[in-house]
Amino acid sequence: MKYTRRVVVTGIGALTPIGNTVQEYWGGLAKGVSGAAPITRFDAEKFRTKFACEVKNFDPNDHLDRKEARKMDPYTWYAMVTAEEAFNDSQLKDFDSDRAGVIWGSGIGGLRTFTDEVMSFANGDGTPRFNPFFIPKMIADISAGYISIKYGFRGPNFATVSACASSTNAIIDAMNYIRLGHADIIMTGGSEAAVTEPGMGGFNSMKALSERNDSPETASRPFDKDRDGFVLGEGAGALVLEEYEHAKKRGAKIYGEVIGGGMSADAHHITAPHPDGLGATNVMVNALRDAEIDPSEVQYINVHGTSTPLGDMSEVKAIQKVFGDHAYNLNISSTKSMTGHLLGAAGAIESIACLMAINKGIIPPTINHFTDDEEIDGRLNFTFNEAQEREVNIALSNTFGFGGHNTSVIFKKMVD
Amino acid sequence: MSEIAQKVKAIIVDKLGVEDSEVTPEASFTNDLGADSLDTVELIMEFEKEFNISIPDDQAENIQTVGQAISYLEENVK
């Protein structure tokens, strides 16, 4: 083994369009529930896409001091709530706070705050009346800062930004910093709150979003012949990563081991994936090498699979290239069919889906499959429409971001 | 209490998340009401917005208590 220090997951937290705790989220995943519905955050009447996967029944004042909440963008509310769930779940106490860090991803940061402040300036007479909290509310690293303040984590602290790969980059960095001895505990994951006028309008202009307004709940249909784009989601996922001996010594509950991570770039186009899935192929190979395992040891892949025509196809090609005939033995699923695409938080909630699959022996489905795409090999098992029972020892999660960033992280069932 | 004093109190309660009873004339924003430097800037901006005036920086620096805010505004708001 390359590293003497192993890394395990000892706490998880989730706030998603299909459930506001890990338990609710997993319940929704296993049942195959869609989180898509008409937009409530703003009047979307004139928008090409009028639906999204919003977080529901959420009031920040139920979780945060009112004064504190007012100084945070929604993306930080989401971060704080999931970090709290993960921290409580980990049952950490009496730890060395200098050895505890935070590495948190967000693709965009405080888009709601940015929008409101700039709009109010634009509607004024040119006199700058920016709120003194504008910058610290909006910047994409502030969630990492707030989490460290709340829990007194004084170790490594920063944000990762790689669009939709952001939180997987965060998890991989957290794993590596623990392996390298820079910290024993890292709160990692990511959050996003981009269901805003510019968020929807911007992705709409790129033709990236599904426009199936007559049926929001069936709009996210990865690998279906009639897929027409992704459904924007929001929320957060948090994971407490901990050095194995540290966790063992305190008798912590362990969800699984993080055995490897891969990173690569397409170096091809700002938004379009490489048509042959070159970057996606390389990233899975890199992750498998880092984990020192053979492709045949993997049972489950939680794919990036956003439900875009090009993206889904190139990822399938990459999986077939990397896994060869073993691809047919894999369970593959895109949980974005249920949650929508949480952008910078996608990797975090999908990593949690992998850990739950390992712990429950259930593969969450790819819902909304109606028509086979004849360009996709029918022998592959996409876990269409219904969850499947399966013993999972090793699960891999892919996330790819605009800019051509690719990340892949691998989790393993805990055995001594 | 004057209308200005009532509005000032309401702004302070809202922005600093404190109880109505804590907002006494002697209360200092930073020492008694838990405001940091950014909160103080935000308060001044809210006063400017609510009363449609502009408070120069050198005068804003002298507004450190609830009472100072009320008397400044009572003198300067027309």
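Note that these values count all heavy atoms, side chains included, but never hydrogens, waters or copies made by symmetry. Remember, it's a predicted structure, so these values are computed and weren't measured experimentally. Letters A, B, ... are given to chains in the order of the sequence lines, protein chains preceding strands, and every chain is numbered from 1.
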Asker: Is the shortest heavy-atom distance from the side chain of A:Leu342 to the side chain of A:Ile349 under 4.5 Å?
Answerer: yes

Asker: Quick one, A:Leu92 and A:Ile185 - any side-chain contact, counting heavy atoms below 4.5 Å?
Answerer: yes

Asker: Tell me, side chain or backbone of A:Phe130 under 4.5 Å from chain B's heavy atoms, or both, or neither?
Answerer: backbone

Asker: Do A:Phe95 and A:Phe153 have their ring centres less than 6.0 Å from each other?
Answerer: yes

Asker: Considering only heavy-atom distances, could you tabulate the donor-acceptor pairs under 3.5 Å between chain B and chain A?
Answerer:
unit_1	atom_1	unit_2	atom_2	d
B:Val13	O	A:Arg66	NH2	3.3
B:Asp14	O	A:Arg66	NH2	3.0
B:Asp14	OD1	A:Arg66	NH1	3.3
B:Lys15	O	A:Arg70	NH2	2.5
B:Gly34	O	A:Lys67	NZ	3.0
B:Asp39	OD1	A:Lys71	NZ	2.9
B:Asp39	OD2	A:Lys71	NZ	3.1
B:Glu42	OE1	A:Arg70	NH1	3.4
B:Glu42	OE1	A:Arg70	NH2	3.2
B:Glu42	OE2	A:Arg70	NH1	3.2
B:Glu42	OE2	A:Asn131	ND2	2.7

Asker: Using side-chain heavy atoms (C-beta onward) and a distance below 4.5 Å, is A:Leu343 in contact with A:Phe402?
Answerer: no

Asker: Report yes if the side chains of A:Phe47 and A:Ile39 come closer than 4.5 Å at any heavy-atom pair, otherwise no.
Answerer: no

Asker: Can you tell if the side chain of B:Thr65 reaches within under 4.5 Å of the side chain of B:Asp32, non-hydrogen atoms only?
Answerer: no

